[in-house]
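Numbering of ligands and ligand atoms starts at 1, following listing order.
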Amino acid sequence: MDYEVDRKTQWIADELQTLQESGLFNQIPVIESAMGGRIRIGGKELINFCANDYLGLANHPRLQQAARDAIEKYGIGPGAVRSIAGTNVLHQQLEERLASFKGADACITFQSGFTANLATIPALVGRGDVIFSDRLNHASIIDGCRLSRATIVAYEHNDVDDLQEKIRQTTEYGRRLIVTDGVFSMDGDIAPLPAIYEVANEHGIMLMVDDAHGEGVLGRNGRGIVDHFDLHGKIDVEIGTMSKAFGVVGGIVAGKRVIIDWLRQRGRPFLFSSAMTIPDTAACLEAVDLLESSGELVQALWANAKLMKAEMQKMGFDIGHSETPIIPLMLGDVKLARQFSKELLENGVFAMAIGYPTVPEGKARVRVMNTAAHSQADLEEALGTFQLVGRKLGVID
Ligand SMILES: *Cc1c(COP(=O)(O)O)cnc(C)c1O
């Protein structure tokens with residue numbers, strides 16, 4: 001790419017060039033169809049294993065209708081930030097319904113899961129305080145921690161003994177917070193939340209979990225990780241997103257009422273950035289309705305994931321140690337992972353290669369995101385393609 005640059009912006013063009021040359025430049029595929037189990041890219045139909053649309057709600061007729069009805073009644077935009085322009089009745093309903101769905105005291109919504117983390121962490125801790133953070137936590141947690149100016153102490157991934165040790169070693173602090181992802185999206189493993197809770201409780205430390213990949217996936221009818229481990233009332237604050245299993249967009253913070261009320265006063269993305277749009281809010285309300293009334297989609301998701309895992313393992317693939325519908329197809333070498341993804345694409349399957357720095361060096365993989373939107377025919381066809389590519393590249397016999 002030839003950019004028009006001058007002396008002060010030349011360095012950006014150089015950086016972009018370096019990314020291009022090292023194969024790390026992010027090319028974003030353009031999707032020409034609705035989201036779903038099959039999508040169209042470059043005029044070609046592909047079976048889709050890239051979306052976090054776990055339940056196929058991103059293009060669900062009931063969510064579409066709810067959004068249309070709400071637009072007819074309330075329009076589209078929220079007007080301004082809620083603390084200044086007031087809040088639409090749908091925002092209020094959604095927060096009440098989400099709190100009740102998740103079995104939490106109260107809930108507040110944000111524009112996204114990312115902003116929910118940026119709002120919550122700096123509202124709970126600041127300079128002179130300390131955060132104990134799982135080494136593999138999501139980027140939005142890391143940024144929220146940095147923004148808070150608290151001291152960040154990383155503990156080894158899912159290692160409760162190391163967490164204990166780090167807490168013992170840290171003697172200078174004001175307030176303390178433990179924060180962890182619920183489901184880790186690169187490996188599909190689940191945080192040992194009951195044990196982390198015991199530690200937090202023993203030391204009197206605030207506990208926060210980010211349930212972005214557990215929402216709509218874990219727990220009864222997709223109520224999330226707190227429900228999965230039956231820890232209701234024990235986790236101080238839970239972050240979530242409506243951009244994954246809920247199929248829309250928006251952030252969730254659920255938990256103790258005192259924290260939720262505090263975020264309405266001190267959560268900066270709440271005070272200084274406008275709310276979710278009307279159609280988004282209405283569609284999310286419909287998603288809650290749908291989940292509360294039936295576990296069918298959650299069951300379909302798990303059944304699809306179980307079938308994919310079993311068949312891939314039978315074929316001889318290393319699929320890591322996922323406990324969720326995420327399948328990391330472990331390939332090791334990043335070039336091999338990229339080649340694998342490219343060959344899949346040429347054969348009608350869309351699954352992304354992931355390498356360093358998103359995962360450790362030598363642990364590159366193709367990540368297979370299962371959803372309830374895949375039909376049996378989609379899965380059978382895709383499995384055939386995985387086997388074909390796996391054999392061609394010498395990954396399996
Ligand atoms: C995806 C994700 C987010 C961001 O959610 P958005 O709503 O897309 O901003 C935050 N935390 C975790 C753990 C995630 O996986």
Steps toward side chain to side chain contact (heavy atoms under 4.5 Å, CB included) verdict (L147, I121): CA-CA 8 Å; L147 205 55; I121 300 170; over 6 Å; no
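In this structure, D187 and P328 approach most closely via the heavy-atom pair O-CG, 3.8 Å. Residues M276 and T281 come closest through the heavy atom pair CB-OG1, 3.6 Å.
In this structure, the protein non-hydrogen atom closest to atom 5 (O) of ligand 1 is G113 CA, 3.6 Å. In this structure, atom 13 (C) of ligand 1 lies nearest to the protein heavy atom D210 OD2, 3.3 Å. Here the heavy atom of the protein found nearest to atom 10 (C) of ligand 1 is S140 OG, 3.3 Å. Counting only heavy atoms of the protein, atom 8 (O) of ligand 1 lies nearest to S243 OG, 3.1 Å. Looking at atom 9 (O) of ligand 1, its nearest protein heavy atom turns out to be F114 N, 2.9 Å. T241 OG1, 2.6 Å is the protein heavy atom nearest to atom 7 (O) of ligand 1. Nearest protein heavy-atom neighbour of atom 14 (C) of ligand 1: K244 NZ, 2.8 Å.
Checked against the 6.0 Å centroid criterion, the rings of F49 and H374 qualify as a close aromatic pair. For F184 and H157, the distance between ring centers is under 6.0 angstrom.
Using a distance-only test at 3.5 Å, with no hydrogens or angles considered, no donor-acceptor pair links the side chain of S341 to the main chain of R338. In this structure a side-chain-to-backbone donor-acceptor pair under 3.5 Å is missing from Q20 to F25.
Within ligand 1, counting atoms from 1 as listed, the ones closer than 4.0 Å to a heavy atom of D181 are 13 (C). Taking every heavy atom of A212 and a limit of under 4.0 angstrom, the matching atoms of ligand 1 come to 2 (C), 11 (N), 12 (C), 13 (C), 14 (C), 15 (O). Interface atoms of ligand 1 facing H213, defined by a heavy-atom separation under 4.0 Å, are 15 (O).
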